[in-house]
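Report on one structure; see the data block that follows.
Below, read A as the first sequence line, B as the second, and so on, with proteins coming before strands; counting in each chain starts at 1. A quick note: this is a predicted structure, and the numbers were derived from the prediction, not measured.
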There are 2 protein chains.
Amino acid sequence: MHKGCAITVGDLGEFGAIQRISGRLPQGAAVLLGPGDDAAVLRAPDGRVVVSTDLLIEGRHFRRDWSSGYDIGSKAAAQNLADIVAMGADPTALVVGLGLPGDVDTGWLDALTDGFRDECDLVGASVAGGDIARSDVVVLGVTALGDLGGRSPVRRGGAAPGQTVAVAGRLGHAAAGLALLQAGRGAVDGLDELVGAHRRPRPPYACGPEAARLGATAMLDVSDGLVQDLGHIADASGVGIVVDPAALPIPPLLARAAGLLGADPVEWALTGGEDHALAAVFPAGVSLPPEWTVIGDVVAGEGVRVRGRTLKEGGWDHFRD
Amino acid sequence: MHKGCAITVGDLGEFGAIQRISGRLPQGAAVLLGPGDDAAVLRAPDGRVVVSTDLLIEGRHFRRDWSSGYDIGSKAAAQNLADIVAMGADPTALVVGLGLPGDVDTGWLDALTDGFRDECDLVGASVAGGDIARSDVVVLGVTALGDLGGRSPVRRGGAAPGQTVAVAGRLGHAAAGLALLQAGRGAVDGLDELVGAHRRPRPPYACGPEAARLGATAMLDVSDGLVQDLGHIADASGVGIVVDPAALPIPPLLARAAGLLGADPVEWALTGGEDHALAAVFPAGVSLPPEWTVIGDVVAGEGVRVRGRTLKEGGWDHFRD
C-alpha cells in the first residue's frame with residue numbers, strides 16, 4: 001500500500017483504536033470479563049494473585065526502526081510473563097496501557113497487538129484489558145497476572161550455602177544480537193537467530209512453575225545480566241554465589257558471533273540482559289530436568305564471584321569479589 | 001532548601017529511587033508479598049480478581065505547574081480505584097509503572113508517592129509493586145486490583161427499561177475548577193474547593209460495593225462526562241436513558257462559579273469529566289441510601305436524552321437525541 005493510503009491511529013480515534021485492538025484479542029479461560037467495561041475480571045482459583053508491571057518507552061527500551069511492531073509486542077509481553085513464571089506461577093492475563101503517537105499506522109498497531117496475543121498464547125494467557133492515550137513516543141505500560149496453583153511463591157531470599165545454582169533458557173543471545181546490529185552485521189548468514197533473540201526473547205516459561213515444584217529456594221528471570229541478577233539473590237538471601245564460567249551454556253552460534261566481532265561469548269553470557277532466562281537455586285542433590293544447567297554454588301559470604309575471572313568495570317562494581 | 005541543594009532522581013539512580021519510594025509505602029493486609037521481588041503476591045479471597053489499568057502522560061493528563069506531585073499521585077490512584085469500585089469490588093492494591101525525567105527532584109517524587117499512598121489508604125489498599133524508567137516527561141502506568149467479596153461484578157450492559165438512574169459523588173466540579181484555572185480565577189475566595197476538585201477527585205468509594213449489594217444492574221464511574229458515560233451504559237444495555245437536568249445535584253458553590261464565569265452549571269454537571277462520580281442503574285422502586293441521587297430513567301430505545309435540552313456540538317454528536 002502506498003503511503004498516502006495508510007490509516008493512522010489518529011484517524012481511528014480512541015474508541016476506534018480500542019475496538020480494533022479488542023477485535024484481535026481472543027480471551028482465554030481465565031478471563032471471566034474481558035475488555036469493554038471499567039475493569040476486567042479474572043479467575044484467581046488459588047485465592048492469591050501474582051502481579052508485576054513494567055513501563056517500556058520508545059527510544060529507551062525499544063526502537064521502531066530496529067524492531068517490528070510484532071517484535072515489540074512479543075517482547076513486552078515476554079518480559080512481563082517471565083516475571084510471573086519466575087515466582088513459580090502460571091500467567092493468566094496481561095492488561096496493557098498503550099501510549100501512541102497519532103501518526104502510527106494501523107498496520108503497525110495490528111502487528112503490535114498480534115505480538116502481545118501470540119506471546120500470551122504460548123502460556124495460555126490473554127490480554128484482558130487496557131487503556132489507550134496519545135503520546136509523543138510509543139509507551140507500553142504492561143501488567144501481568146498469574147496464579148500460583150497452590151504452590152508457594154519462589155522469592156529471591158531463600159538461597160542457603162551448599163545449594164546449587166542453575167539456569168534454564170538462553171544467556172547472552174540478546175546481547176550478541178544487539179552487538180551484531182550495532183556493528184552493522186545483523187544480516188550475517190546464520191546469525192539471524194541472535195538478532196531475533198534481541199528483538200524477541202524466548203523465556204523458558206514452563207520451567208518457572210516446574211522449578212517451584214522441584215523445590216527451588218530462590219528464583220528470578222535474568223533481565224539485566226546473569227551476574228547482576230544473581231547479585232539480587234545473593235543480597236536478598238544473605239549469601240555468596242560462585243559461578244563456574246566453564247559450565248555456562250555457550251552454543252556454537254554464540255561463539256561464532258563472538259569470533260566475528262572479537263568479543264567474548266562468556267562475557268555476553270555473564271552480563272547480557274534481556275534473554276529472560278530463569279536463574280534458580282535448588283537444594284543440593286536435586287535431580288534437575290534437562291532444561292536446567294547447573295552453573296554454580298551458593299556459599300557463605302556475599303556477592304557474586306565468577307571462578308577464574310576478575311570483574312570488569314562498569315555496572316559490575318557493586319558486586320564485590 | 002535552595003535550588004543547588006535539591007537531589008534529583010538522576011542522582012538517586014534506579015535502585016535508589018525504588019528504595020526511596022518503597023520506604024514510604026506501608027503494605028496492607030491484602031499484600032502477601034510487596035515490592036522487591038519479580039512480582040507481588042496479593043490475596044484474592046473471592047477466587048476472582050478485578051483489574052483495571054490507565055496510562056497517564058504529563059502534558060495530556062496532568063501538568064506539573066497546575067498540580068503538585070501529591071495531587072498527581074492522588075488523582076492517578078483515585079481514577080483507577082474508582083474503576084474497581086465501579087465494578088462493585090473492594091480495591092486491594094495498585095502497581096505503578098513510573099517514567100521520570102532525571103531532573104525531577106526527590107521532594108516531588110516523595111510527594112507523588114505520598115499521594116498514591118494516602119489515596120490508597122482511603123480504601124484500605126496499598127501500592128504493592130512497580131517499575132521505574134527514564135522518560136522525557138512524567139508517565140504513570142497505574143494498574144488497580146480488587147476483590148468482589150462474593151458479589152457479581154456490576155457491568156455496563158444490565159440496564160433495562162423502567163429502571164432508575166442514580167449518581168453518587170460530585171458532578172461538574174473538576175470541570176468548574178479547570179475553567180476557573182483557565183480563566184485565571186483559581187484564587188477566587190471560597191471557590192478553591194472546585195480547583196481542588198480538578199486537582200484531586202473524591203470518588204465515593206464505598207458507594208460502589210454498596211450499589212452492588214443494592215442490586216445495581218449497571219454501573220460505571222463518570223470519567224469523561226455524565227452524558228457520554230451514560231451513553232456507554234445505554235449502548236451496552238441496548239436501552240435509552242433520559243436524564244432530568246432539574247434533578248442533578250448542583251451545590252451553591254458550583255452555581256456561584258458558573259455565575260462568575262458566565263457558564264452553565266448544569267452543562268458542567270452533564271459534560272464535565274474527571275470527578276469520578278458513580279452512575280448506576282437500579283431496579284425500579286429500590287430504596288437508595290442518601291449518598292445516591294436519582295437523576296433519570298431507563299427507557300426503550302437508544303442513546304441518552306436530557307429532558308428539555310438539545311445537545312451541543314462537539315463530543316455530543318454521537319449520542320442521538
Side-chain angles (χ1 to χ4, degrees), chain A residues 32-33 36-57 59-61 82-87 89 92-93 95-99 128-137 139-148 153-157 219-221 236, chain B residues 32-33 36-57 59-61 82-87 89 92-93 95-99 128-137 139-148 153-157 219-221 236:
Chain A
L32 297 167
L33 177 60
D37 218 300
D38 291 285
V41 182
L42 309 174
R43 288 184 207 280
D46 176 83
R48 297 168 295 178
V49 63
V50 177
V51 58
S52 180
T53 199
D54 273 327
L55 187 66
L56 305 171
I57 297 174
R60 297 186 190 271
H61 300 94
D83 282 323
I84 299 302
V85 301
M87 300 301 290
T92 50
V95 292
V96 180
L98 186 54
D131 182 36
I132 196 164
R134 283 281 183 110
S135 175
D136 291 334
V137 295
V139 177
L140 303 171
V142 185
T143 302
L145 297 100
D147 190 82
L148 282 160
V154 183
R155 300 176 55 173
R156 296 176 173 187
M219 180 159 54
L220 45 61
D221 76 298
Chain B
L32 297 167
L33 177 61
D37 218 300
D38 292 285
V41 183
L42 309 174
R43 288 184 207 279
D46 176 82
R48 297 169 294 178
V49 62
V50 178
V51 58
S52 180
T53 198
D54 273 327
L55 187 66
L56 305 171
I57 296 174
R60 299 186 189 270
H61 300 94
D83 282 323
I84 300 301
V85 302
M87 300 302 289
T92 51
V95 291
V96 180
L98 185 54
D131 182 38
I132 197 163
R134 283 282 183 109
S135 174
D136 292 333
V137 296
V139 177
L140 303 171
V142 185
T143 302
L145 297 100
D147 190 83
L148 283 161
V154 184
R155 302 177 52 174
R156 297 176 171 187
M219 180 158 56
L220 45 62
D221 76 299

Checklist outcome for this item: Most contact-rich option vs chain B, by heavy-atom pairs under 4.5 angstrom, among A:G99, A:S135, A:G141, A:P153, is A:S135
Checklist entry - B:L220 versus chain A, heavy atoms under 4.5 Å apart: side chain, backbone, both or neither? => result both
Next on the checklist: For a quick test of reading the model, state the closest non-hydrogen atom pair linking A:A133 to B:H61 and the distance between them.
Outcome noted: CB-CE1, 3.6 Å
Item to check | Option that, when pairs with chain B are counted at under 4.5 Å, heavy atom only, ranks first among A:R43, A:M87, A:M219 | outcome: A:M87
Checklist outcome for this item: Given A:V95, A:V49, A:L98, the one with more heavy-atom pairs under 4.5 angstrom with chain B than any other is A:V49
Next on the checklist: Between A:L42 and chain B, with a heavy-atom cut-off of 4.5 Å, which part of the residue counts as in contact: side chain, backbone, both or neither?
Outcome noted: both
Item to check | A:D221: partners by side-chain hydrogen bond (donor to acceptor under 3.5 Å, both in side chains), with sequence neighbours left out | outcome: A:H276
Item to check | Exercise: identify the closest heavy-atom pair between A:D37 and B:V154 | outcome: OD1-O, 4.4 Å
Checklist entry - Can you tell me how far the CD1 atom of A:I57 sits from the CZ atom of B:R134, to the nearest 0.5 Å? => result 11.0 Å
Item to check | Heavy-atom proximity to chain B below 4.5 Å, by part of A:L140 | outcome: neither
Item to check | Nearest atoms (heavy-atom pairs only) where B:D83 meets A:A39 | outcome: O-CB, 4.1 Å
Checklist entry - Which bit of B:L148 is near chain A, if near means a heavy-atom gap under 4.5 Å: side chain, backbone, both or neither? => result side chain
Item to check | Top of B:P45, B:A144, B:G97, B:G146 for chain A proximity - count of heavy-atom pairs under 4.5 angstrom | outcome: B:G97
Checklist entry - Where on A:D136 is there a heavy atom nearer than 4.5 Å to chain B: the side chain, the backbone, both, or neither? => result both
Next on the checklist: I need the B:R155 CZ to A:L33 CG distance, nearest 0.5 Å.
Outcome noted: 4.5 Å
Next on the checklist: Using side chain to side chain contact (heavy atoms under 4.5 Å, CB included), reason through B:V96 and A:L55 one step at a time and then give a plain yes or no.
Outcome noted: CA-CA 9 Å; B:V96 180; A:L55 187 66; over 6 Å; no
Item to check | Which portion of A:L145 sits near chain B, non-hydrogen atoms under 4.5 angstrom | outcome: side chain
Checklist outcome for this item: The reported gap from CG in B:D131 to CG in A:L56 (rounded to nearest 0.5 angstrom) is 7.5 Å
Item to check | Those residues that, when tested against B:A40, pass side-chain contact (heavy atoms from CB on, under 4.5 Å) (two or more places apart) | outcome: A:V51, B:A128
Checklist entry - Taking B:S52 for the side chain and A:D38 for the main chain, is one N or O donor matched with an acceptor at less than 3.5 Å? => result yes
